[in-house]
Amino acid sequence: MTTIIDGKQLAKEVNAKTKERVSALKERGLVPGLVVIIVGDDPASTIYVRNKHRKATQLGINSIVRELPATVSQEELLAIVETYNVDSSVHGILVQSPLPVGLDEQAIVAAIDPAKDVDGFHPLNVGRLFANLPGNHPVSCTPRGIMTMLHSLPVHLRGKHAVVVGRSMIVGRPMAAMLLNADMTVSVAHIYTKNLSELTRTADVLVVATGVAHLIKETDVKSGAIVIDVGMDRDENGKLTGDVDFDGVAEKTAAITPVPGGVGPMTIATLMEQTVDLCEWSE
């Protein structure tokens with residue numbers, strides 16, 4: 001019988017623990033602080049930032065949204081990032097992507113203090129993840145949330161074969177590193193992968209993050225696989241859907257995430273969880 005992985009419920013559980021941790025920190029005089037910098041007026045980004053701010057406030061995190069015009073210069077944005085780098089009341093800094101044309105996103109991310117890099121995108125933190133180094137360092141929130149989902153299942157990951165379809169720095173690459181660090185055998189596929197279906201059919205755990213609606217069909221999945229759909233696409237009717245054909249695939253799987261209500265809620269919950277981590281690690 002297929003398990004539908006309820007991201008909303010799991011996110012509620014993560015958020016409840018985060019709220020308890022925030023309360024404990026406040027008793028010691030520490031208030032976790034999160035700054036989200038948004039440049040321009042991209043509609044999707046505006047919604048994402050609003051949702052992050054609302055959730056942070058609900059959990060007791062001091063949330064600051066810094067809105068900047070699309071005309072801001074690279075130097076001005078770097079200077080603003082630096083003001084938060086040296087602000088001891090701020091523990092997490094996030095620059096909302098995408099940035100307007102003309103701004104160097106990689107340079108902006110690299111300017112964030114690695115100890116406040118709540119998105120886990122700083123090259124130093126990416127390197128720590130891929131090297132599987134011990135100690136405290138932030139990682140990309142969506143893959144971390146997916147690992148929480150996988151660990152919630154009664155499944156041993158060690159030795160299993162994971163296939164990640166997608167190679168972005170936000171999901172695909174850090175996801176592959178986390179699965180590898182969990183002692184899985186990992187294959188990474190992308191738009192140039194030949195015979196993709198042959199590869200995905202070998203996956204015990206299949207993570208799909210391509211932005212191509214219903215790329216993965218029933219014939220692309222092995223019976224009993226765990227399928228994680230990171231896609232947030234729109235079908236011909238404008239309805240939110242995933243990279244996996246849920247209706248065709250679901251009955252064949254041991255567990256699968258729905259869209260919506262799967263990975264999405266876990267990403268924001270993990271961002272809040274990691275903000276509190278950064279506050280605790282700063283002591």
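Basis for what follows: all heavy atoms, side chains included, without hydrogens, waters or symmetry-related copies.
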Of the options [options], which is the one that meets [X] in a side-chain contact (heavy atoms from CB on, under 4.5 Å)?
X: Thr210; options: Val244, Val165, Ile191; value: Val165
X: Ile226; options: Thr3, Thr257, Val205, Asp204; value: Val205
X: Leu94; options: Ile37, Val35, Leu271; value: Leu271

Could you give the distance from [atom1] ([X]) to [atom2] ([Y]), rounded to the nearest 0.5 Å?
X: Leu180; Y: Met178; atom1: CG; atom2: CE; value: 12.0 Å
X: Arg201; Y: Thr219; atom1: CZ; atom2: OG1; value: 7.0 Å
X: Lys116; Y: Leu34; atom1: NZ; atom2: CG; value: 11.5 Å
X: Asp119; Y: Ser97; atom1: CG; atom2: OG; value: 9.0 Å
X: Ile216; Y: Thr200; atom1: CD1; atom2: OG1; value: 5.0 Å
X: Met272; Y: Lys52; atom1: CE; atom2: NZ; value: 7.5 Å

Between [X] and [Y], which heavy-atom pair has the shortest distance, and what is it?
X: Ser140; Y: Met169; answer: OG-O, 4.5 Å
X: Met149; Y: Val263; answer: CE-N, 4.1 Å
X: Pro32; Y: Leu25; answer: CG-CD1, 3.8 Å
X: Pro138; Y: Trp281; answer: N-CZ3, 3.8 Å
X: Val31; Y: Gly60; answer: CG1-O, 4.2 Å
X: Gly120; Y: Gln274; answer: N-NE2, 4.5 Å

Checking the side chain of [X] only, and the main-chain atoms of [Y] only, is there a donor and an acceptor separated by less than 3.5 Å?
X: His122; Y: Leu124; value: yes
X: Gln74; Y: Asp104; value: yes
X: Glu105; Y: Pro98; value: no
X: Ser23; Y: Lys19; value: yes
X: Asp42; Y: Ser45; value: yes
X: Arg167; Y: Gly172; value: no
X: Asn237; Y: Lys239; value: no
X: Asn15; Y: Ala11; value: yes
X: Asn125; Y: Pro114; value: yes
X: Ser73; Y: Glu76; value: yes

Full working for side chain to side chain contact (heavy atoms under 4.5 Å, CB included) between Asp117 and His137: CA-CA 9 Å; Asp117 169 37; His137 52 86; over 6 Å; no
Take a 6.0 Å sphere around [atom1] of [X] and say whether it holds more than 12 heavy atoms from other residues, nucleotides or ligands.
X: Tyr48; atom1: OH; answer: no
X: Asp183; atom1: CG; answer: yes
X: Gln106; atom1: CD; answer: no
X: Arg158; atom1: CZ; answer: no
X: Lys217; atom1: NZ; answer: yes
X: Gln58; atom1: CD; answer: yes

Audit row: Val207, Val163, side chain to side chain contact (heavy atoms under 4.5 Å, CB included) steps and yes/no: CA-CA 6 Å; Val207 181; Val163 175; over 6 Å; no
Please test Val36 against His53 for side chain to side chain contact (heavy atoms under 4.5 Å, CB included), starting from the C-alpha separation and ending with a verdict. CA-CA 8 Å; Val36 177; His53 176 68; over 6 Å; no
Hydrophobic cluster membership, [X] vs [Y], 4.5 Å side-chain cutoff:
X: Val90; Y: Ile61; result: no
X: Val109; Y: Val171; result: yes
X: Leu10; Y: Val230; result: yes
X: Phe246; Y: Leu240; result: no
X: Ile146; Y: Val186; result: yes

Side-chain heavy-atom pair [X], [Y] within 4.5 angstrom cut-off:
X: Ile256; Y: Ile5; result: no
X: Asp245; Y: Glu218; result: no
X: Tyr84; Y: Asp113; result: no
X: Glu273; Y: Arg21; result: yes
X: Asp229; Y: Val249; result: no

Pair [X], [Y]: side-chain N/O donor-acceptor within cut-off below 3.5 Å:
X: Gln9; Y: Lys12; answer: no
X: Asn85; Y: Glu82; answer: yes
X: Thr241; Y: Asp233; answer: no
X: His91; Y: Thr275; answer: no
X: Thr46; Y: Arg50; answer: no
X: Thr267; Y: Thr142; answer: yes

Begin with the C-alpha distance, continue with both residues' side-chain angles, and end with the deciding distance and a verdict on side chain to side chain contact (heavy atoms under 4.5 Å, CB included) for Thr270 and Met147. CA-CA 10 Å; Thr270 303; Met147 292 306 297; over 6 Å; no
